[in-house]
Number of protein chains: 2
Amino acid sequence: MGNVTIKLLAERLNVSTATISKALCDSHEISEQTKQKVLELARELNYIPNAYASSLRRNRSQTIAVLIPEVADSFFSLALNGIEEVALQRGYHTLIYMTHEKLEREKAILKELSGGRVDGVIMSVTAETDSFEHIHNFSRQLPVVFFDRVCPDLNTAKITTNDFECGYLATKHLIEAGCRKIVLLAVSNSLSIMSERSMGFNKAIKDFDLNENDCRIVYCGEDAVYNYQLIKELMQGTNRPDGILATVEKLTTEIYLACNHLSINIPRQVKVVCFSNQASAVILNPSLTTITQPAFEMGKTAATALLKALKNNSLVLAEESMVIPSALNIRSSTSVAVQTY
Amino acid sequence: MGNVTIKLLAERLNVSTATISKALCDSHEISEQTKQKVLELARELNYIPNAYASSLRRNRSQTIAVLIPEVADSFFSLALNGIEEVALQRGYHTLIYMTHEKLEREKAILKELSGGRVDGVIMSVTAETDSFEHIHNFSRQLPVVFFDRVCPDLNTAKITTNDFECGYLATKHLIEAGCRKIVLLAVSNSLSIMSERSMGFNKAIKDFDLNENDCRIVYCGEDAVYNYQLIKELMQGTNRPDGILATVEKLTTEIYLACNHLSINIPRQVKVVCFSNQASAVILNPSLTTITQPAFEMGKTAATALLKALKNNSLVLAEESMVIPSALNIRSSTSVAVQTY
DNA sequence: AAAATTTACGTAAACGATTAAGTTAACTGT
DNA sequence: ACAGTTAACTTAATCGTTTACGTAAATTTT
């Protein structure tokens with residue numbers, strides 16, 4: 001559609017395309033006069049640089065990719081928000097890919113991206129990701145920053161939260177609230193965050209001398225109905241827990257529904273803590289005690305680290321790793337005295 | 001870093017780059033033998049096409065952009081999910097931009113995108129968008145599909161839900177539950193969805209002969225604290241409403257908190273309906289009556305419409321417009337008999 | 001068997017921007 | 001005044017693919 005290019009500007013002003021190009025990026029080789037003229041004409045004709053021509057030539061796409069398991073989760077939504085904010089502000093574009101917890105998707109996406117479509121990647125691995133060769137290979141070509149769910153044996157920036165401590169703290173909180181039979185609900189045994197949280201959980205169980213047979217880890221799945229059944233069975237079993245520590249936000253609904261259906265009172269009969277960033281935690285009945293992760297901050301930090309590396313043309317940026325602490329928000333779902341709100 | 005390109009493949013096989021290129025896209029001009037050889041070598045050397053070279057040459061980026069106000073909202077999250085699903089499946093990439101309800105951002109992003117970075121755009125306008133010239137101009141260059149918040153006077157595909165009816169239905173439901181003083185909480189007076197919902201609201205008020213002075217529209221803002229105060233004042237005012245219809249999900253928290261703080265019982269003293277896709281609606285206290293929009297479906301439909309247009313090189317695709325109905329989920333926040341769950 | 005067509009390639013010019021290297025002309029210092 | 005420098009450009013190659021067009025051999029047609 002006869003787009004206005006650098007060539008057209010050059011013809012109109014009787015200069016070379018080189019001059020236009022340099023004028024547009026404010027090169028010192030160009031006089032102020034010509035710069036003015038170029039800028040003016042560019043504005044007049046509404047010149048917009050062709051991103052692909054530029055990317056091809058400079059081998060820089062000004063684009064980053066974000067790989068997350070899903071977006072229908074407050075944590076990832078907020079993190080994406082943080083990432084996009086920093087990226088846009090620095091003139092970068094953000095490609096979004098959802099792996100839906102499928103390792104195959106992760107592999108396929110990374111492979112395609114290594115063609116040069118992006119300058120770098122920010123990712124949180126899938127729950128299935130138990131081998132890391134594909135990520136290793138990829139990271140030799142392009143900078144990768146991990147957030148939350150990291151790839152352990154890779155020497156790059158990892159933006160995480162204090163999962164171990166939170167696992168410990170949440171468990172300790174449950175114990176101090178009187179729980180003796182605590183179940184940790186997990187979703188994967190390969191995820192870094194899961195093992196961290198579990199280790200914190202286990203340590204608390206030991207430190208406080210709880211019966212290790214009463215305190216176990218139960219693995220949930222991706223399907224809400226399945227999880228609902230699982231939790232119901234758990235709560236109907238012979239050794240019913242009096243404390244639940246859920247490691248993913250989406251289990252909240254299933255826990256509340258299951259307990260409600262079985263007429264098990266939270267927090268009287270079972271106390272609940274959830275790793276969750278849901279705004280609605282505060283208006284649940286009872287309001288939910290949560291570990292809230294600094295999702296937005298983590299996203300911003302990850303993006304900042306990546307863009308810094310891009311600026312410096314460096315691949316490895318392990319020193320940019322950061323642990324941003326989460327917060328334990330104590331609410332009614334773990335209160336000792338019975339109350340509704 | 002010495003990437004493997006078509007040129008390299010050509011040298012290795014002693015053919016021209018044209019042959020490689022054609023072989024890779026399975027052209028009939030190339031013999032099966034050579035195709036095999038090319039494919040094999042490509043796999044062996046892990047050839048990945050350079051997206052930008054291809055985009056530049058073909059003037060096609062295989063990329064779409066999604067402009068949404070925010071992602072920390074169940075509706076937009078789910079819609080994005082649907083869009084990305086369709087896009088990925090068809091080999092398209094998805095750029096995400098959040099406007100944060102700022103018209104200026106919307107303008108700036110669209111301007112940059114018109115440089116050719118994407119083949120088309122799927123968007124939901126900001127709450128500030130009250131003039132549409134920038135969108136008009138843009139849509140002359142690239143295909144645009146709207147979802148949810150549409151640009152009224154533009155002849156293109158619009159994927160919406162039955163906002164008018166839902167406004168009517170929700171209001172009717174409140175009236176039938178006994179409400180006589182209903183307030184609609186809005187966030188903008190320019191948004192298509194808001195006017196649709198308000199019109200439905202107003203029609204129901206008229207149809208059922210409610211006092212129009214007792215039933216009004218109150219405009220909320222972007223700030224949660226401000227909204228909380230606003231709702232508290234509303235509930236403390238002389239003419240306290242006995243029914244609230246909230247048009248955006250995020251107001252739920254403020255409504256519940258305000259009522260809780262003022263010890264106003266939902267649903268006994270005030271009944272609440274919310275346009276919301278939050279999964280937690282069902283576990284709130286009381287569980288929340290919602291209008292849930294078919295967010296994921298809308299996203300998928302919007303993406304499908306756009307990709308269809310891209311295939312046909314068409315700009316206008318008004319005939320792809322679609323209205324996918326929302327559902328009214330009646331729960332305890334509007335029940336006549338008092339109950340907690 | 002000559003002409004026409006098809007098959008299977010190769011040549012080279014794009015796409016639009018960037019940039020190393022070259023070219024003037026003007027200016028600087030001694 | 002003359003070598004050396006600087007300012008302000010231009011030329012042309014380049015990024016990696018795609019594709020219109022050219023071509024030679026093989027095949028088919030008549």
Side-chain angles (χ1 to χ4, degrees), chain A residues 1-39 41-42 45-63 91 112-119 141, chain B residues 1-39 41-42 45-63 91 112-119 141:
Chain A
M1 36 192 133
N3 252 324
V4 32
T5 70
I6 244 180
K7 212 168 162 183
L8 180 66
L9 297 184
E11 281 170 17
R12 293 286 184 97
L13 292 178
N14 270 320
V15 293
S16 73
T17 60
T19 304
I20 304 287
S21 176
K22 288 173 186 167
L24 289 174
C25 63
D26 204 32
S27 159
H28 66 276
E29 290 182 43
I30 305 298
S31 71
E32 283 307 319
Q33 284 180 44
T34 355
K35 277 182 195 172
Q36 286 305 319
K37 275 197 280 184
V38 171
L39 266 304
L41 187 66
L45 300 185
N46 196 30
Y47 165 75
I48 295 156
N50 182 303
Y52 296 118
S54 172
S55 296
L56 175 61
R57 180 59 228 253
R58 307 204 314 146
N59 204 24
R60 270 313 197 83
S61 63
Q62 293 293 110
T63 304
E112 175 148 12
L113 291 182
S114 65
R117 189 177 285 271
V118 295
D119 297 338
Q141 307 195 41
Chain B
M1 38 193 129
N3 253 323
V4 32
T5 70
I6 246 181
K7 213 167 161 182
L8 180 66
L9 297 184
E11 280 169 17
R12 293 286 185 96
L13 292 177
N14 269 322
V15 293
S16 72
T17 60
T19 303
I20 304 287
S21 176
K22 288 172 188 168
L24 288 174
C25 63
D26 203 31
S27 160
H28 65 276
E29 288 183 44
I30 304 298
S31 71
E32 283 306 320
Q33 285 180 43
T34 352
K35 277 182 193 171
Q36 286 304 319
K37 275 197 281 184
V38 172
L39 266 302
L41 187 66
L45 300 186
N46 196 30
Y47 166 74
I48 295 156
N50 182 303
Y52 295 116
S54 173
S55 295
L56 176 59
R57 180 58 228 250
R58 306 204 315 145
N59 205 23
R60 269 314 196 83
S61 63
Q62 293 294 110
T63 304
E112 175 147 11
L113 291 182
S114 65
R117 188 178 285 271
V118 295
D119 297 339
Q141 308 195 41

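Numbers restart at 1 for each chain; the letters A, B, ... are given by sequence-line order, proteins then strands. Keep in mind it's a predicted model, so treat the numbers as computed, not measured.
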If you check the [X] side chain, which of [options] turns out closest?
{"X": "B:Arg58", "options": "D:dT19, C:dG16, D:dT17", "value": "D:dT19"}
{"X": "A:Ser54", "options": "D:dT17, C:dA12, C:dA17", "value": "C:dA17"}
{"X": "A:Ser21", "options": "D:dT19, C:dG16, C:dA17", "value": "C:dA17"}
{"X": "B:Ala18", "options": "D:dT17, D:dA12, C:dA12", "value": "C:dA12"}

| query | Where do A:Ile6 and A:Tyr47 land on the side chain to side chain contact (heavy atoms under 4.5 Å, CB included) test, with the steps shown first? | reply | CA-CA 8 Å; A:Ile6 244 180; A:Tyr47 165 75; 3.9 Å; yes
Return the value, rounded to whole Å, for the distance between atom [atom1] of [X] and atom [atom2] of [N].
{"X": "B:Arg117", "N": "C:dG16", "atom1": "CZ", "atom2": "P", "answer": "16 Å"}
{"X": "A:Asn3", "N": "C:dA14", "atom1": "CG", "atom2": "P", "answer": "18 Å"}
{"X": "B:Ile20", "N": "D:dT19", "atom1": "CD1", "atom2": "P", "answer": "16 Å"}
{"X": "A:Ile48", "N": "C:dA17", "atom1": "CD1", "atom2": "P", "answer": "11 Å"}
{"X": "A:Leu56", "N": "C:dG16", "atom1": "CG", "atom2": "C1'", "answer": "9 Å"}
{"X": "B:Leu8", "N": "D:dT17", "atom1": "CG", "atom2": "P", "answer": "10 Å"}
{"X": "B:Arg60", "N": "D:dT19", "atom1": "CZ", "atom2": "P", "answer": "11 Å"}
{"X": "B:Tyr52", "N": "C:dA14", "atom1": "OH", "atom2": "P", "answer": "26 Å"}

| said: Tell me which residues in residues 25-37 of chain A lie within less than 4.0 Å of DNA chain C, going by non-hydrogen atoms. | reply: none
| Quick one: is D:dT10 close enough that its OP1 or OP2 comes under 4.0 Å of any side-chain N or O from A:Ser16? | yes
| query | Can you check whether A:Tyr47 has a side-chain N or O nearer than 4.0 Å to OP1 or OP2 of C:dA17? | reply | yes
| query | Could you state the interatomic distance from CG (A:Leu13) to CG (A:Leu8), rounded to the nearest 0.5 Å? | reply | 9.5 Å
| query | What about B:Lys22: does its side chain form a donor-acceptor pair under 3.5 Å with the base of D:dT17? | reply | no
Between [X] and [Y], which heavy-atom pair has the shortest distance, and what is it?
{"X": "B:Asp26", "Y": "B:Lys35", "result": "OD1-NZ, 3.1 Å"}
{"X": "A:Tyr52", "Y": "B:Val118", "result": "OH-N, 4.4 Å"}
{"X": "A:Leu45", "Y": "A:Val4", "result": "O-CG1, 3.5 Å"}
{"X": "A:Ser61", "Y": "A:Arg117", "result": "OG-O, 3.2 Å"}
{"X": "A:Ile48", "Y": "B:Glu112", "result": "CG2-O, 3.9 Å"}

| field | Closest-nucleotide 5' rank along DNA chain C - winner of B:Asn14 and A:Thr17 | value | B:Asn14
| query | Is A:Thr19 touching bases, backbone alone, or none of the nucleic acid, heavy atoms closer than 4.0 Å? | reply | base
